[in-house]
Amino acid sequence: MTDMLNARLAAALTDTGAGWSMGSFGAIAEFHHVAGDPPPQPLGECGIVTARGGLRLDALAEVIPVAWEALSPRPHRWQQGVSLCLPQGRLGTARRQVLTELGPDAGALRDQDRGAVLFDLGLDQPQIDFCIRSDDPVLVARLRAECGRSVLDPESRAMAAILPAHPHRVALSRIGRIEVYQKIGGPDTGGVSPVGPHTHILPPLLRAGRTHSANTPIPPGLVPVAGLHPASPVMDSLGQDRDFDAAAFAGFQAMLADWGDAERHALKARVWAALAAGEPPSALAEPADRHARAALRIALRQAERRDGPSALLSQWRAAFDREAAPADEDAPGH
């Protein structure tokens, strides 16, 4: 498993259509390639860095990859990804609850950043220590004055200092790190996240106390620590519709066969076989399991994008894909 995982992850690092994430439900760092940028600089066997950010993956021996598909709120789409999971209890984070100075960042991806000071924001997340890094003496002094208090405390002035200063963000996990050098999305970026590497801290989601979205079918006992987001066959890296990409579709279906849920994968094959044979929707009973029902609906959406619409497919979608499901917005790191 580890050899195949290492090979696939290393190959994905050079795929400009793939994205990466590291974080929790409410605090996440994302790395995406930007069209037209120079090629990334490789870092060892499983890492890359650009002028906008970078990532490094290591300590993969205990990682369990979980390939998944999920419904999109848009009826002609679906979402996909590979969650790099660890067993619960093997996550290895500090779970600090207050802003804490960690000292110079000796593990920084670039030599020039290793003297900058790293601060853990103290978000108390099970699979990630979400940090910022700065060599600005003014910001460092202001943050040192706020250490010992949660950055989410209304009395804390830490976030007011961080947001306009745009320090590097560093997501640390037991299996590696993602670093983001671009500005923090907010007033200085027109209220949107920059294209390419970026971060999100969403206090309402943090308060939910969950490790991942309920729409992501992660087996019990596992916690997603990082994510690979292979190129989607139906939308580009900016979330815009694209013509169906058969090669991207086949590539991810191979990952799903190796690392996904076998029963849901078999259900999708059964749906496609029934459509090919001209069977009516009554030939299949609707599954009782929530994620199996989602797999059925996704199979129908995929059939339409891959093979085109038909009267029979419309009957199946009317029977099983009737309404928009509660789902996350289409975004690689969600």
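Computed over heavy atoms, backbone and side chain alike; hydrogens, waters and symmetry mates excluded. Positions are given from 1 along the sequence. Small disclaimer: the values here were computed from a predicted structure and weren't measured.
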Is there a side chain to side chain contact (heavy atoms under 4.5 Å, CB included) between Ile298 and Arg264 once you walk through the steps? CA-CA 10 Å; Ile298 290 165; Arg264 292 195 289 271; over 6 Å; no
Just do the side chain to side chain contact (heavy atoms under 4.5 Å, CB included) check on Arg270 and Leu284 with the steps written out, would you? CA-CA 9 Å; Arg270 169 73 180 90; Leu284 186 71; 4.2 Å; yes
Do Val66 and Trp259 pass the side chain to side chain contact (heavy atoms under 4.5 Å, CB included) test, and can you show the C-alpha distance, the side-chain angles, and the key distance before you say yes or no? CA-CA 5 Å; Val66 176; Trp259 295 335; over 6 Å; no
Would you please test Arg56 and Glu179 for salt bridge (Lys or Arg N to Asp or Glu O under 4.0 Å) and show each step? CA-CA 9 Å; Arg56 183 177 64 225; Glu179 299 184 4; over 6 Å; no
Please lay out, stage by stage, how Glu146 and Arg149 fare under the test salt bridge (Lys or Arg N to Asp or Glu O under 4.0 Å). CA-CA 6 Å; Glu146 297 297 322; Arg149 173 184 289 168; 3.7 Å; yes
Which is it for Arg177 and Val170 under the side chain to side chain contact (heavy atoms under 4.5 Å, CB included) test, yes or no, and what are the steps along the way? CA-CA 7 Å; Arg177 63 166 61 199; Val170 182; 3.7 Å; yes
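The neighbour count for Glu286 CD, taken as heavy atoms of other residues, nucleotides or ligands under 6.0 Å away, is above 12. With a 6.0 Å radius and a threshold of 12 heavy atoms from other residues, nucleotides or ligands, Glu263 has its CD atom at or below the threshold. The 12-atom threshold is exceeded at CZ of Arg242, counting heavy atoms of other residues, nucleotides or ligands nearer than 6.0 Å. In Glu101, the CD atom is crowded: over 12 heavy atoms of neighbouring residues, nucleotides or ligands sit closer than 6.0 Å. At most 12 heavy atoms of other shown residues, nucleotides or ligands fall within 6.0 angstrom of atom CZ in Arg142.
At distances below 3.5 Å, at least one donor-acceptor pair connects side-chain atoms of Arg305 with backbone N or O atoms of His76. Within the 3.5 Å criterion, the main-chain N or O of Asp136 finds a donor-acceptor partner in the side chain of Ser134. Side-chain N or O atoms of Arg133 include none that pairs as donor or acceptor with a backbone N or O of Pro167 at under 3.5 Å. Counting only distance, with no hydrogens or angles, the side chain of Gln127 and the backbone of Leu91 share no donor-acceptor pair below 3.5 Å. No donor-acceptor pair under 3.5 Å is formed between the side chain of Ser156 and the backbone N or O of Asp153. Without hydrogens or angle criteria, Thr199 side chain to Ile28 main chain gives no donor-acceptor distance under 3.5 Å. Within the 3.5 Å criterion, the main-chain N or O of Lys183 finds a donor-acceptor partner in the side chain of Arg169. With hydrogens and angles disregarded, a donor-acceptor distance shorter than 3.5 Å links the side chain of Gln79 to the backbone of Leu71. Looking only at distances, no side-chain donor or acceptor of Ser83 sits under 3.5 Å from a matching main-chain atom of Cys85. Side-chain atoms of Arg95 never come within 3.5 Å of backbone atoms of Asp129 as a donor-acceptor pair (strictly under, hydrogens ignored).
For the residue pair Asp188/His166, the side-chain donor-acceptor check at 3.5 Å is satisfied.
The shortest side-chain heavy-atom distance between Trp78 and Ser232 does not fall under the 4.5 Å cut-off. The side-chain heavy atoms of Arg174 and Glu62, taken from C-beta on, include a pair separated by under 4.5 Å. Looking at heavy atoms from C-beta onward, Arg301 lies in side-chain contact with Asp321 at the 4.5 angstrom threshold. Contact check for Cys131 versus His168: no side-chain heavy atoms found under the 4.5 Å cut-off. Side-chain contact check for Leu143 versus Leu99: some heavy-atom pair is nearer than 4.5 Å. Residues Arg96 and Asp124 fail the side-chain proximity criterion, which asks for heavy atoms closer than 4.5 Å. Counting only heavy atoms from C-beta outward, the side chains of Gln302 and Trp272 approach each other to under 4.5 Å. A 4.5 Å side-chain heavy-atom check between Leu9 and Leu84 finds at least one atom pair inside the cut-off.
Under a hydrophobic clustering in which Ile, Leu, Val, Met, Phe, Trp and Tyr are joined whenever their side-chain heavy atoms come within less than 4.5 Å, directly or via other members, Phe25 and Leu123 fall into different clusters. Hydrophobic clustering keeps Leu163 apart from Val180 (ILVMFWY residues linked when any side-chain heavy atoms are closer than 4.5 Å, directly or through intermediates). Grouping the Ile, Leu, Val, Met, Phe, Trp and Tyr side chains by contacts below 4.5 angstrom, directly or via other members, places Leu121 apart from Val98. By the rule that hydrophobic residues join a cluster once side-chain heavy atoms approach within less than 4.5 Å of another member, Leu312 and Val271 end up as members of one cluster. In the hydrophobic clustering of ILVMFWY residues, with side-chain heavy atoms under 4.5 Å counting as a link, Val151 and Leu205 come out apart.
In this structure, His229 has its ring center at least 6.0 angstrom away from the ring center of His32.
Taken to the nearest 0.5 Å, the CG atom of Leu313 stands 8.5 Å off from the CG atom of Asp307. Interatomic distance, Asp3 CG to Arg8 CZ, rounded to the nearest 0.5 Å: 13.0 Å. To the nearest 0.5 Å, atom CH2 of residue Trp20 and atom CD1 of residue Ile178 are 8.5 Å apart. Atoms SG and CG, on Cys46 and Leu55 in that order, are 7.5 Å from each other to the nearest 0.5 Å. With rounding to the nearest 0.5 angstrom, the CG atom of Leu102 is 8.5 Å from the CZ atom of Phe119. Atom CG in Asp236 sits 11.5 Å away from atom CG in Asp245 (nearest 0.5 Å).
In this pair, His198 and His200 present their aromatic rings perpendicular. The plane angle is above 60°, beyond the 30 to 60° band.
The two residues Leu275 and Ala303 come nearest to each other via the heavy atoms CD1-CB, 3.8 Å. Summarising the geometry of Arg114 relative to Ala106, their closest heavy-atom pair is CD-O, 3.7 Å, with the distance given to 0.1 Å. Closest approach of Ala226 and Met22 over heavy atoms only: CB-CE, 4.0 Å. For the pair Gly185 and Thr189, the tightest heavy-atom approach, listed with the atom from each and the gap, is CA-OG1, 3.2 Å. Of all heavy-atom pairs spanning Ala214 and Arg290, the tightest one is O-NH1, 3.5 Å. The minimum heavy-atom distance linking Ile201 with Pro203 is given by the pair O-CD, 3.5 Å.
A salt bridge links Glu69 with Lys268: the closest approach of a Lys/Arg side-chain nitrogen to an acidic carboxylate oxygen falls below 4.0 angstrom.
Here Leu238 sits in one hydrophobic cluster together with Val34, Val195; the rule is ILVMFWY side chains under 4.5 Å apart, joined directly or through other members. Members clustered with Tyr181: Leu43, Val49, Leu109, by chain and number, using a 4.5 Å side-chain heavy-atom cutoff among hydrophobic residues.
The side chain to side chain contact (heavy atoms under 4.5 Å, CB included) test with Val223 singles out one residue from Ile64, Leu86, Ile218, Thr211, and that residue is Thr211. Applying side chain to side chain contact (heavy atoms under 4.5 Å, CB included) to Leu172 and the options Asp105, Asp120, Leu118, Ile128 leaves one that passes, Leu118.
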